[in-house]
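Scroll down for the structure; my scribbles are underneath it.
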Amino acid sequence: MKGIDYFAPPRLEEAVSLLRRYGKKAALMAGGTDFLLRLERGLVQPGVIVDLKKIRDLRGIKSNRAGLKIGAATLMDEIASSHLIQTRYGILAKGAAAVGSIQTRNRATLGGNLCNASPAADTASPLIALGGRARIAGAKRVREVPLEEFFLGPGKSCLQPNEILKEIFIPSPVQRSAGSFQRCTRTAMDIALVNCAVFLSLASKGGVVQDIRIVLGAVAPTPVRVQAAEDVLRGKNPDEKTIEEAADCAAAGVRPIDDVRSSASYRRAMVRVLTKRAIEEALREAGGEA
Amino acid sequence: MARRTKRIRVTVNGERYEKEVSPSKSLLDFLRMDLNLTGTKEGCGEGECGACSIIMNGKLVDSCLILTVEADGQKIQTIEGISRHDRLHPLQKAFAEKGAAQCGYCTPGMIMAAKYLLDHNPSPTAEQVLKAIAGNLCRCTGYGSIVDAVLSAAKER
């Protein structure tokens, strides 16, 4: 770690031009809770650190009729404790609250959690379930990518070398919609063995599922939507059998690995349990009679 | 590449400092080595154990996962800054009275986490205390006496 230079530009354009100037030597940092670990371990050896925390455009939670905008450098704890997010986008608040300790949530940012592209990121599954979109700033323009297309593999996102994640946009939830976030883990501080986010909407009357997204984390190289399981429920008034069928479908649709935290087969079993729980809770919250 | 340093200004426990620091130096090392404030401990150095907990601009953070340069312009409080004129903070007194420190290594971080909790929630439940110290590991006490101490300090205040 010799001779690292450090910049904390106040404007997004300056950060982008620093990236252009230093190319591969530059590393972006927001909260630093993951980045500084990698720096310490020598896994990254940047010549220049570009700290994004001073950039106003990257901070804060704003809502209008279309939906919610969250700046990429907004703190996890700001998201977890935002009344607006708790009430309108509850599964995101729960995901953010599940990240690390309060010490971590007071530094870590939403954008950092996403750009690290961990398959177990606890904000990724809720955001994909909510139909979230990433707004990415480059040298010339801002492009928008659905979050389900943002992740390419462990540690890999679709960000190009000169790009910076600017904000996340979440469309306003429709009438009679609700979600659920479920997670299983060994201890309070550990990353998820499996997480599951469900967001669904019901038809204007009765219990027919109009639309649904089921997203699973830590069971594939990226967070994944299990569309086959969604298809089981869409257009139906689900009873217990249908919900179990969907949960089975989710378990069949993931590719978990064995690692120090859990075996693949345990993860698959937990996918079934968490998916069922999440669907049931979301149906209850949305006003169905599951 | 030439070694670069950056000039920073920080306020630590009410005192202002202006120093030249290397951009790769952790805030924990800065507090301990440059300012001689060795109350803040290094446990894991990876943000898992909370022994290095401090309060920066009103937020509880792990100082091992912060670069000193990031603290430029910030206000920092460490364990050395919570007593007043040699009078112990109620949490410090309660930890001593309840035997909440055994080897003592986690204690400074634990007290900072507890202080952050009481600053935001003056009368927490035992469960809220446990949640608030989830980021602080103690290998000795089993946490029971720590929770007792925090609850008793909350009553004192």
Side-chain angles (χ1 to χ4, degrees), chain A residues 1-10 22 25-27 29-55 73-78 80-81 97-109 112 185-191, chain B residues 1-8 21-29 42-74 109-110 112-114 116-117 120-121 127-128 130-137 143:
Chain A
M1 280 202 289
K2 52 197 177 302
I4 295 181
D5 210 346
Y6 168 90
F7 296 96
Y22 289 101
K25 282 200 313 192
M29 173 175 90
T33 52
D34 278 303
F35 174 76
L36 292 176
L37 279 184
R38 277 184 280 142
L39 187 71
E40 188 74 29
R41 292 177 186 161
L43 300 175
V44 286
Q45 292 172 322
V48 172
I49 294 173
V50 182
D51 185 348
L52 301 171
K53 280 191 295 294
K54 294 261 163 71
I55 302 173
T74 305
L75 296 180
M76 276 305 167
D77 190 57
E78 289 170 346
S81 51
V99 174
S101 61
I102 182 63
Q103 286 93 329
T104 304
R105 294 192 297 279
N106 274 338
R107 290 300 284 177
T109 66
T185 173
R186 283 174 54 243
T187 65
M189 287 271 291
D190 209 3
I191 63 168
Chain B
M1 206 182 301
R3 192 169 184 85
R4 300 180 175 95
T5 59
K6 295 259 167 186
R7 177 161 290 272
I8 61 149
V21 296
S22 148
S24 59
K25 181 173 234 160
S26 78
L27 182 56
L28 172 64
D29 284 347
E42 174 161 20
C44 65
E46 303 190 341
E48 299 280 348
C49 77
C52 66
S53 299
I54 59 166
I55 294 176
M56 184 158 84
N57 281 0
K59 289 190 188 296
L60 185 75
V61 293
D62 288 327
S63 59
C64 73
L65 286 188
I66 296 175
L67 297 172
T68 313
V69 284
E70 293 179 78
D72 185 27
Q74 317 281 313
M110 204 59 93
M112 295 312 282
Y116 181 77
L117 168 69
H120 292 86
N121 178 3
E127 199 183 323
Q128 287 169 331
L130 276 175
K131 258 199 168 160
I133 59 170
N136 295 75
L137 291 183
Y143 303 100

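By convention in this document, chain letters (A, B, ...) are assigned in the order of the sequence lines, proteins followed by strands, and residues within each chain are numbered from 1. Values below: every heavy atom of this structure, side chains too, minus hydrogens, waters and symmetry copies.
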Quick one: what part of A:Asn106 sits under 4.5 Å from any heavy atom of chain B, side chain, backbone, both or neither? both

Chain B contact via A:Arg41 - which portion, at a heavy-atom distance below 4.5 Å: side chain

Check the pair A:Gln103 / B:Asn136 against side chain to side chain contact (heavy atoms under 4.5 Å, CB included), numbers first and verdict last. CA-CA 9 Å; A:Gln103 286 93 329; B:Asn136 295 75; 2.8 Å; yes

Between atom OH of A:Tyr6 and atom OG1 of B:Thr5, what is the distance when rounded to the nearest 0.5 Å? 14.5 Å

Thinking salt bridges, do A:Lys54 and B:Glu70 make one under a 4.0 Å N-O criterion? no

Over all heavy atoms of both residues, which pair between B:Ser24 and A:Ile4 is shortest? Give the atoms and the distance, please. CB-CD1, 4.2 Å

Which bit of B:Lys6 comes within less than 4.5 Å of chain A, counting heavy atoms only: side chain, backbone, both or neither? side chain

Any A:Glu40 side-chain heavy atom under 4.5 Å of B:Glu46 side chain: no

Let me know if B:Ile54 has heavy atoms under 4.5 Å from chain A in its side chain, its backbone, both or neither. neither

The reported gap from OG in A:Ser101 to NZ in B:Lys131 (rounded to nearest 0.5 angstrom) is 13.5 Å

Could you check if a side-chain atom of B:Leu67 sits within less than 4.5 angstrom of a side-chain atom of A:Ile49, using non-hydrogen atoms only? yes

Is there side-chain contact between B:Lys59 and A:Ile102, with at least one heavy-atom pair below 4.5 Å? no

Among the options B:Gly135, B:Ser53, B:Ser26, B:Gly47, pick out the one with the most heavy-atom pairs lying under 4.5 Å from chain A. B:Gly135

Close side-chain approach of A:Arg107 to B:Ile66, heavy-atom, < 4.5 Å: yes

